[in-house]
Each structure stands twice: as C-alpha cells, then as structure tokens.
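Naming convention: chains lettered A, B, ... in sequence-line order (proteins, then strands); numbering from 1 in each chain.
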Amino acid sequence: MINDINIDNTINSGQVFLWEKDGNKWYGINGNDVIVIEKNTNKILTFTNKKCDFFRNDDNIVKIINDIKKDIVIKYAILLSPGLRILRQDPFQCVISFITSSNSNIQKIKTTLLRLCNKFGEEVNFCGKRFNLFPSPKALSNASMKELIGCGLGYRARYVRSASQDILNGIIDFKQLRNTDYYTSRDQLTKVSGVGQKTADCILLFSLDKLDAFPLDRWMVRCMHKYYNALFQIDEKLTRRKYEKAHDDIIDYFGVYSGYAQQFLFKMERDIKLKKWL
DNA sequence: TCGGCACCTGCCTA
DNA sequence: ATAGGCAGGTGCC
C-alpha cells in the first residue's frame with residue numbers, strides 16, 4: 001500500500017539514534033517511553049501504554065508526497081525509500097541528540113547517547129528486555145561536567161548541560177514552540193547554546209511539527225549542489241544569512257512540506273554512498 | 001555581517 | 001593492524 005509506513009526506511013534515515021532491531025522487531029527509546037514495533041504488521045507497544053503518535057499517523061502522506069514531488073530527482077528519492085516518514089520525537093531527547101550530533105557521525109552519536117541513558121536514565125524492563133529511558137532535563141542539569149564528558153560528549157558537554165537547564169527553567173518551552181510558526185520557534189531555539197541553524201531545523205522538523213524546516217547539513221548542501229545547482233545557489237560555507245536565504249528559496253520550491261523532501265533526499269544520498277545507519 | 005579557526009573523541013579507511 | 005583523517009556544526013574572535 002502506498003500509505004504504509006516502512007519501519008526500516010524510517011528508522012534508518014538519520015532522525016533517531018536510540019533504536020535497535022532484534023528479529024522482526026524494532027526497539028526504541030523516546031523520552032520516558034520505550035516503543036516496540038513489529039515489522040510488516042506495524043503493531044506498536046509502548047512502555048507507558050500511552051497512545052503513540054511517534055509515527056505521525058495524522059499526516060496525510062498521499063497529499064504530502066503529491067505536494068513535494070516537483071521534479072525527477074525528488075521523485076526518484078521517494079521511489080527509493082517507500083514508506084519513509086518524518087517522526088514526532090520527544091523534544092528534549094531530540095534537542096540533546098542533535099546537539100550531540102554536531103561535527104560527529106551516527107555511530108558515535110549513538111554510543112554517546114546510550115552512555116547518557118545508562119548513566120542518567122531510569123532503568124526499566126519491558127517485553128523481556130532491559131532499557132534505560134532518556135534522562136530528564138533535571139538529571140542532565142545536575143550532571144557534572146566530568147560525568148558528561150565521560151559519556152563521550154567532548155566539547156559539547158557544556159552545551160548539553162546548558163540546554164538542559166534552559167528547558168528545566170522554562171526558558172525554552174516546547175509547548176509554546178510547538179504552537180508557534182517555524183520562524184519564531186527557530187529564533188527561540190538558536191538562542192540555546194550549542195544549537196545553531198541546522199540543529200534547530202532538526203529539532204523543529206523531528207519533534208515540533210514544523211514540516212517546513214529543512215535541515216541543511218553538509219550532506220544536503222552537497223546534494224543541492226549536485227542536483228539543484230540551477231535552481232538554488234547554495235555556498236559550500238553557509239553563513240547565518242545564507243542559510244536563511246537558502247531555506248526560504250527551498251520552501252518556495254518544495255512547499256510547506258519541504259521537510260519531507262529533505263528526508264527523502266538525505267536518505268538517498270547516504271544510501272548511494274553506502275553509509276551505515278543504525 | 002563575514003570569514004577563519006579551534007574543537008572532544010571514536011569511527012572508519014587507507 | 002594501526003595511525004591519522006574526518007564526521008549530519010557551532011561559537012568566538
């Protein structure tokens with residue numbers, strides 16, 4: 001079915017890091033919840049037993065895909081990863097994950113985040129397995145620099161603690177960010193230390209319902225050069241202004257669901273280069 | 001505003 | 001096998 005979710009393509013598209021496949025099931029940490037999903041049947045279980053909107057079932061994927069398929073490149077990318085969806089992640093975990101991701105790689109991001117969970121997250125048992133939930137803002141706010149660096153965060157340790165404090169203090173309020181427009185939310189988020197434009201876009205797209213966010217990392221910049229050189233002029237080195245201009249040009253082209261276009265293109269480029277996922 | 005640079009550290013590749 | 005380069009950027013000057 002055209003509107004079926006493909007879990008492999010969705011988990012292995014660089015949005016999430018704390019997921020593990022075992023047999024025909026995927027196990028993932030999402031904030032203070034554990035999500036288990038069975039491949040093929042897409043049957044979902046959650047540790048908290050709460051209704052799971054992680055896979056954005058409310059998205060009208062037929063409409064979205066119809067809206068973004070503006071040219072042959074994006075059409076091909078969509079064809080390559082059927083059932084790929086944007087996720088609706090726990091915002092705090094998303095903030096910490098993408099602060100951690102800066103100037104790093106997927107494998108290292110994953111080990112670092114796992115260490116954070118093991119050290120600061122609550123241990124729970126679910127489906128016959130043991131998990132550590134994602135640490136709370138309070139837990140990471142109270143962590144010492146030494147402990148955080150010990151998890152492999154490196155120079156990002158101070159960003160992680162500072163961001164956790166901002167969220168604990170309510171300087172950053174996810175409810176408010178979710179209910180406002182992309183531009184306002186982005187300006188709020190980039191005030192957080194360690195959150196630049198690219199990281200802000202990831203947080204907005206993957207956890208705050210801003211489907212008009214289009215994270216421009218080095219993969220996407222290369223991608224835009226490769227296929228869209230005639231449409232957009234995107235410098236290899238993006239300053240704040242140039243990043244914003246590039247974003248606006250891209251939204252003008254791909255439309256309000258540009259974030260979905262980004263995810264398909266990102267997935268395609270990494271798959272072409274045989275880059276490993278989780 | 002813009003360009004240049006340092007930056008933790010563990011993967012990955014040659 | 002193992003040393004060195006590099007990785008989904010960011011802040012500071």
Within this structure, what is the [atom1]-to-[atom2] distance between [X] and [N], rounded to whole angstrom?
{"X": "A/I96", "N": "C/dG9", "atom1": "CD1", "atom2": "C1'", "result": "16 Å"}
{"X": "A/E236", "N": "B/dG4", "atom1": "CD", "atom2": "C1'", "result": "16 Å"}
{"X": "A/R156", "N": "C/dG9", "atom1": "CZ", "atom2": "C1'", "result": "9 Å"}
{"X": "A/F17", "N": "B/dC11", "atom1": "CZ", "atom2": "C1'", "result": "15 Å"}
{"X": "A/I149", "N": "B/dG10", "atom1": "CD1", "atom2": "P", "result": "12 Å"}
{"X": "A/L216", "N": "C/dT10", "atom1": "CG", "atom2": "P", "result": "11 Å"}
{"X": "A/K276", "N": "B/dC12", "atom1": "NZ", "atom2": "C1'", "result": "8 Å"}
{"X": "A/L278", "N": "B/dC11", "atom1": "CG", "atom2": "C1'", "result": "15 Å"}

Sequence neighbours excluded - side-chain hydrogen bond (donor to acceptor under 3.5 Å, both in side chains) pairs with any residue from residues 110-119 of chain A: A/E20-A/K110
side-chain hydrogen bond (donor to acceptor under 3.5 Å, both in side chains) contacts in which one or both residues fall within residues 268-278 of chain A, not counting sequence neighbours: A/K226-A/E269, A/Y227-A/E269, A/K267-A/D271, A/D271-A/W277
Check whether any side-chain nitrogen or oxygen of A/R115 sits under 4.0 Å from OP1 or OP2 of B/dG10, and answer yes or no. yes
So, does A/R218 get its side chain near the phosphate of C/dG9, meaning an N or O under 4.0 Å from OP1 or OP2? yes
Between residues 99-113 of chain A and DNA chain B, which residues have a heavy-atom gap below 4.0 Å? A/N103, A/N105, A/Q107, A/K108, A/T111
Interface residues of residues 238-254 of chain A with DNA chain B (non-hydrogen, below 4.0 angstrom): A/T239, A/R241, A/K242
Residues in side chain to side chain donor-acceptor pair (under 3.5 Å) with A/S97, at least two apart? none
Applying side chain to side chain donor-acceptor pair (under 3.5 Å), name anything that partners A/D59, two or more places apart in sequence or on another chain. A/R56, A/Y260
Checking ring-ring contact (aromatic ring centres under 6.0 Å, His included) for the pair A/F98/A/F206: CA distance, chi angles, key distance, verdict? CA-CA 10 Å; A/F98 284 94; A/F206 302 142; 5.5 Å; yes
Residue pairs meeting salt bridge (Lys or Arg N to Asp or Glu O under 4.0 Å), one or both in residues 184-206 of chain A, sequence neighbours left out, come to A/R186-A/E244
Validation row: A/D173, A/I167 side chains within 4.5 angstrom (heavy atoms): no
Only pairs under 3.5 Å count here: list side-chain donor-acceptor contacts from residues 142-149 of chain A, not counting sequence neighbours, and write none if there are none.
from, atom 1, to, atom 2, distance (Å)
A/N142, ND2, A/K138, O, 3.4
A/S144, OG, A/E147, N, 3.1
A/S144, OG, A/E147, OE1, 3.2
A/E147, OE1, A/S144, N, 2.9

Mind checking the P distance from C/dC13 to B/dC8? Whole angstroms is fine. 15 Å
Can you confirm whether the side chains of A/E38 and A/T41 place a donor and an acceptor under 3.5 Å from each other? yes
If only side-chain N and O atoms count, and only distance matters, is there a donor-acceptor pair under 3.5 Å linking A/D248 with A/Y183? yes
Step through it carefully: locate the ring centre of A/F54, locate the ring centre of A/W19, and say whether they are under 6.0 Å apart. yes
Ion pair A/K63/A/D67, N-O distance below 4.0 Å: no
Earlier contact from the 5' end, DNA chain B, for A/Y155 and A/L274: A/Y155
What would the secondary structure line of DNA chain B be in dot-bracket form, counting Watson-Crick and G-U wobble pairs under 3.5 Å, with [ ] for pairs that cross earlier ones and | for pairs with another strand? ..|||||.||||||
Ring pair (Phe, Tyr, Trp, His ring centres under 6.0 Å) against A/Y182, all qualifying residues, sequence neighbours excluded: A/H247
List the residues meeting ring pair (Phe, Tyr, Trp, His ring centres under 6.0 Å) with A/Y243, not counting sequence neighbours, and say none if there are none. none
Heavy atoms under 4.0 Å, any strand shown: does A/E269 hit a base, just sugar-phosphate, or nothing? nothing
Can you check nucleotides 11-13 of chain C for protein contacts, nitrogen or oxygen pairs under 3.5 Å, and list what you find?
from, atom 1, to, atom 2, distance (Å)
C/dG11, OP1, A/G194, N, 2.8

